[in-house]
Amino acid sequence: MLSSAIQFHVQPGGVLTGSLQVPGDKSISHRALMLAAIAEGTSRITDCLPGTDVLATLAAMRALGITIDRLPGGVLQVHGAGSQGWGVRAHGLALNLGNSGTSIRLLCGLLAGQGIACTLSGDRYLCARPMRRVTDPLTRMGAQIATTAAGTAPLQISLVQRLSGIRYTLPMASAQVKSAILLAGLSAEGEVCVIEPAPTRDHTERMLRRFGYPIVQQGTECRLRGGGQLQACDIQVPADISSAAFFLVGASIAARSDLTLRRVGVNPTRDGVIHLLRMMGADITLSNQTEVGGEPVADIRVRAAALHGIQIPAAQVPLAIDEFPALFIAAACATGTTVLRGAAELRVKESDRIQVMADGLQASGVPVQVLPDGIVIQGGHPLRGGPINSHGDHRIAMAFAMAGLVAQEPILIDDCANVDTSFPGFVASAQSVGLQVEVQHA
Ligand code: S3P
């Protein structure tokens, strides 16, 4: 079925109440599968996200010869390749990573120096996204990776001798690029050192440590030496703050809402959405703060509040990078103006999230000004509703679903199949706490 055939129909109004545990963190789930696959011994992963992006990583690991069993309760048991390396089946593989940018970029790093040749590809959206940001540094380490002339996937990885270390300053704040280099560094000769222009999510660093691999983080630098061995461990994946974000916004904008999101990952390199919503006047409280699998988690209670527009601080941009579609809806419902700058990276996500959100907001009657690296949103105008094209981007679809809470007319969101990449069961979860949303098969 064509992805555009799945639509969300959201009836205006509704209040978000009760409690909800959103599915496992996508970024952490990918890393858990990849590191467990190369570790020595058997790892168990609890609450791994069953979204199609993570299933693409899981299928790639299996294709590479890793045995992964599904135990009762959805626990994944991964029999790591360890010092044996990938099976012979790994050579010459063509891996399809669907819509998943994290799968293709991290796997590119993981496989570039593993003595195998393979091809990495994906759907039409993934094959339009920039890949030189990973292939450039990996090539400097000695990898041979061919892209299309436009610098996009398919990526053809050729068999090479051992990679060498690198000291690399990232040209953009990107956890995927940082992680690709660190993963390539595991099998490289010498040291890799990645320098970030601004802190980005540090799940790879935390999880390497969980698997017993030494890694040094000092200021903006992150360093590891190749040639070591990861040891299997058990990982529990926290609920994904990026999925929780839609409900944080929904409950903030829908009068009388009072909603608790349980066991959400609140890693300080991911919690920008909480800071930004609080700056806008949101009523958000954290409780039951603890740590699972080396990651901080908390229950998050959010109650409806009067929001006001803000200037988004530049330092918060990488810490909330996936949450801007939801935050733009909050800004549209806030009084006054919200200004985002320094966020050009949003243009190369699953869609051009600045333009696609601007088009949707404008179609709904919200005045916006598009900037090369951001947007200005004039809040406080009635949100009309009507048709929205998500451009196959899961986060655009879920953001506009929340706008239905305050819209004057039904919102019809097109091309929603990719919501399953990060949030399988979104519609049922959203209905269970009060959103009036239905799926339609066009
Ligand atoms: C991710 C990093 C971010 C984010 C993506 C997941 C990760 O991408 O947008 O959804 O898991 O490392 P960039 O590295 O391109 O910023």
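Worth knowing before you read on, the calculation uses all heavy atoms, side chains too, and leaves out hydrogens, waters and symmetry mates. Atoms within a ligand are numbered from 1 in the order they appear, just like the ligands themselves.
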Q.
For atom 13 (P) of ligand 1, which of the options R353, R395, E345, K349 provides the nearest non-hydrogen atom?
A.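 Selected option, by shortest heavy-atom distance: K349.
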Q) Which residue from Q176, R133, E350, K26 reaches closest to atom 2 (C) of ligand 1 through any of its heavy atoms? A)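 Considering heavy atoms of Q176, R133, E350, K26, the nearest to atom 2 (C) of ligand 1 sits in Q176.
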Q) Taking only heavy atoms of T102, which atoms of ligand 1 are found under 4.0 Å from at least one of them? A)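 Matching atoms, with element in brackets: 1 (C), 6 (C), 7 (C), 11 (O).
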Is [X] salt-bridged to [Y], cutoff N-O under 4.0 Å?
| X | Y | result |
| --- | --- | --- |
| D25 | R263 | no |
| E345 | R133 | yes |
| R341 | D373 | yes |

Identify the protein heavy atom lying closest to [atom], giving its residue, its atom name and the separation to 0.1 Å.
| atom | value |
| --- | --- |
| atom 14 (O) of ligand 1 | S174 OG, 2.6 Å |
| atom 11 (O) of ligand 1 | S27 OG, 2.7 Å |
| atom 10 (O) of ligand 1 | D322 OD2, 2.7 Å |

**Q.** Test log, rule side-chain contact (heavy atoms from CB on, under 4.5 Å), inputs M280 and S252
**A.** CA-CA 10 Å; M280 298 175 81; S252 294; over 6 Å; no
Q) Closest approach of S121 and L126, non-hydrogen atoms and distance? A) O-CD2, 4.2 Å
Q | R210: salt bridge (charged side-chain N to carboxylate O under 4.0 Å, His left out) partners, not counting sequence neighbours | A | none
Q) Backbone, side chain, both or neither: what part of H30 comes under 4.0 angstrom of ligand 1, heavy atoms only? A) neither
Q) At a non-hydrogen distance cut-off of under 4.0 Å, which region of R31 contacts ligand 1 (side chain, backbone, both, or neither)? A)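 For R31, the contact with ligand 1 is made by the side chain alone.
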Q | S179 N/O under 3.5 Å from ligand 1 N/O | A | no
Q. If you measure every N/O of A175 against every N/O of ligand 1, is any gap under 3.5 Å?
A.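 Min N/O separation from ligand 1 is below 3.5 Å for A175.
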Q: Taking the side chain as every heavy atom from C-beta outward, state whether P424 and L49 have any atom pair closer than 4.5 Å.
A: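 Yes - at least one pair of side-chain heavy atoms lies under 4.5 Å apart.
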